[in-house]
Amino acid sequence: MFRSNILMLVLAYLLGENNTQQVDEYDPIYLGKFQQPSHSVAGDIFVLDEKTIYIQDFAHDGQAPDVFFWADGVIIPYITRSNLEPKISLERFLPREDIVLLLPEEKSSVFNIRKLRSLVVR
């Protein structure tokens, strides 16, 4: 819970939210884990708001040539707690790292996504 509160404060800062009380009162929506993972993909997936998905303890072995987060045909950029610069291609995440997916303009809401996955390009 402590780690989630820190991440939410970072998100509030990134999104320009000045009222941290709103962030503290927000309850993330738990979606579950990745289904049928490959390359040691793992993590608990939460919705933070309409444009933000949080993956707690994300892991990926880094063995695939190119890996992206993909939602209905759109590549989704992400940030980590240790690097707030948005990235597209996944790096190796072992040990695990908390990451935040930031939906681009093409995706109006996380609630309109039919399928979220990590996509391996060979």
Please report the shortest heavy-atom distance between T52 and V100, naming the atom on each side.
CG2-CG1, 3.3 Å
For S108, give me all partners under side-chain contact (heavy atoms from CB on, under 4.5 Å), at least two apart in sequence or on another chain.
N112
Could you tell me whether a side-chain N or O of Y78 sits under 3.5 Å from a main-chain N or O of F68, the two making a donor and an acceptor?
no
Determine whether the aromatic ring centres of residues F58 and F69 are separated by less than 6.0 angstrom.
yes
Verdict with reasoning, I29 to F111, per side-chain contact (heavy atoms from CB on, under 4.5 Å):
CA-CA 11 Å; I29 301 168; F111 302 108; 4.1 Å; yes
If you look at every heavy atom in R81 and E97, which pair is closest and at what distance?
N-OE2, 3.7 Å
For K33, is there any backbone N or O sitting under 3.5 Å from a side-chain donor or acceptor partner on D44?
no
Determine, step by step, whether T80 and N83 satisfy the side-chain hydrogen bond (donor to acceptor under 3.5 Å, both in side chains) criterion, reporting the C-alpha distance in whole Å, the side-chain angles of both residues, the deciding distance to 0.1 Å, and the verdict.
CA-CA 5 Å; T80 66; N83 185 350; 5.5 Å; no
Go through it in stages, so that I can follow the logic: the residues are V110 and L103, the test is side-chain contact (heavy atoms from CB on, under 4.5 Å), and I'd like the CA-CA distance, side-chain angles, deciding distance and then a yes or no.
CA-CA 8 Å; V110 297; L103 265 60; 3.7 Å; yes
Tell me, do V47 and P28 make a side-chain contact under 4.5 Å, heavy atoms counted?
no
Is any side-chain heavy atom of P77 closer than 4.5 Å to a side-chain heavy atom of L101?
no
List the residues meeting salt bridge (charged side-chain N to carboxylate O under 4.0 Å, His left out) with K51, not counting sequence neighbours, and say none if there are none.
none
Using the rule given for side-chain contact (heavy atoms from CB on, under 4.5 Å), can you reason through I99 versus I79, listing the C-alpha separation, both sets of side-chain angles and the distance that settles it, and then say yes or no?
CA-CA 6 Å; I99 64 172; I79 60 172; over 6 Å; no
State, with a plain yes or no, whether a side-chain heavy atom of F46 is found less than 4.5 Å away from one of L31.
no
Nearest atoms (heavy-atom pairs only) where R96 meets G43:
NH1-N, 4.2 Å
By side-chain contact (heavy atoms from CB on, under 4.5 Å) - contacts of D72 (at least two apart):
K107, I113, R114, K115
